[in-house]
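Written out below as structure tokens is the structure these notes cover.
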Amino acid sequence: MDRPGETTHFGFRDVPLGDKQTLVNDVFHSVASRYDLMNDLMSGGLHRVWKDIMITALDPPRGDRPFALLDVAGGTGDISFRAAKAAGVGFHATVCDINTEMLAVGRERAAKRHLETRVDFVEGNAEALAFADRSFDAYTIAFGIRNVPRIDLALEEAYRVLKPGSRFLCLEFSTVEMPGLDRLYDLFSFKVIPPLGRMITGDAESYQYLVESIRKFPRPNAFADMIRDAGFARVNWQILSGGIVALHSGWRL
Ligand SMILES: C[S@@+](CC[C@H](N)C(=O)[O-])C[C@H]1O[C@@H](n2cnc3c(N)ncnc32)[C@H](O)[C@@H]1O
């Protein structure tokens, strides 16, 4: 898995591929306790709408049919909680995340919602999932994949653990190309978000990374090609909020 000499982006910086995960882990270690509050403040609550759109696309069964969701980079559990709320009694979610602090916040939130039996929290790396081949009915990853150093490996792993006939869904920040909105968005991203991060979490650098990493993420058609390269079929995407976010989807057939 090591690719000696290779570099990648950590925000706008080039770093050795092997160093990115540690840097990313520091970011989420630092912001975990205020992560959910910051999401609301930064997006004006819009992240809730984007996540609900993902759950509508997921369309988990309402009845008692067993349905196993794997929510990778699931952090504090938002996607799994929303899916559990929409689903029937046959639903079970596994939140897999590399960061213990994010998972700890997630477990507390699950307990408050009485969802401990329907949502599990497991520490793990998207690039090397500790789950059997063909074991899940759906795979979701929300605002997670751009943090993963080797996105190609994460996509291959997503394909491996999905049952044939099941779906991959990825919600991620994307590219704003709407004239007018692009300049406003840049201004907000670079001038408002890092100072807001400093005010709420005491850490502007983590939010500087966040806005930079968004700019470095592939455009929707290039990301769709990566999903296809991992083996997925019927790949498509939906642009949300003028390109601030895209929801990509593919099927393991
Ligand atoms: C922006 S948060 C998203 C959390 C959640 N999905 C949501 O939408 O609120 C990104 C998450 O990706 C996780 N992450 C980063 N690299 C990862 C990796 N290689 N494997 C699994 N999780 C990873 C981080 O720990 C963090 O919890």
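Atoms within each ligand, like the ligands themselves, are counted from 1 in listed order. Note that the numbering runs from 1 along the sequence shown for the chain.
With ligand atoms numbered from 1 in the order given, ligand 1 contributes 20 (N), 21 (C) to contacts under 4.0 Å with heavy atoms of G124. Annotation for ligand 1: atoms under 4.0 Å from non-hydrogen atoms of G74 are 5 (C), 6 (N). Proximity to N125 (heavy-atom distance under 4.0 Å) selects the following atoms of ligand 1: 18 (C), 19 (N), 20 (N). Less than 4.0 angstrom separates some heavy atom of V24 from each of these atoms of ligand 1: 15 (C).
For H92 and F67, the distance between ring centers is not under 6.0 angstrom. Ring centroids of Y209 and F10 are separated by less than 6.0 Å, placing the two rings close together.
Side-chain contact annotation: Y35 with N39, donor-acceptor N/O pair under 3.5 Å present. T76 and R109 share a side-chain donor-acceptor pair at under 3.5 Å. Under 3.5 Å, the side chains of W237 and S249 contain no donor-acceptor pair of N or O atoms. No side-chain donor-acceptor contact under 3.5 Å links T94 and D120.
Backbone and side-chain nitrogen or oxygen atoms of D97 are examined, and one is located within less than 3.5 angstrom of a nitrogen or oxygen of ligand 1. The shortest N/O to N/O separation between A126 and ligand 1 falls below 3.5 Å. The N/O atoms of A142, backbone and side chain alike, include one that comes under 3.5 Å of an N/O atom in ligand 1. On a distance-only criterion, A73 and ligand 1 share at least one N/O pair closer than 3.5 Å.
Remark: distances from the non-hydrogen atoms of T76 to ligand 1 are all 4.0 Å or more.
At a heavy-atom distance under 4.0 Å, atoms from both the backbone and the side chain of F143 approach ligand 1.
The only option from I244, I239, I214 that meets the side-chain contact (heavy atoms from CB on, under 4.5 Å) definition with V176 turns out to be I244. Exactly one of L69, L129, D71 qualifies for a side-chain contact (heavy atoms from CB on, under 4.5 Å) with Y139. That residue is L129.
Nearest to atom 3 (C) of ligand 1 among the protein's heavy atoms is Y35 OH, 3.1 Å. I98 N, 3.4 Å is the protein heavy atom nearest to atom 22 (N) of ligand 1.
With Q21, M102, K51 as candidates, the residue nearest to atom 8 (O) of ligand 1 on a non-hydrogen basis is K51.
With respect to the salt-bridge test (charged N to carboxylate O, under 4.0 angstrom), the residues K163 and D137 qualify.
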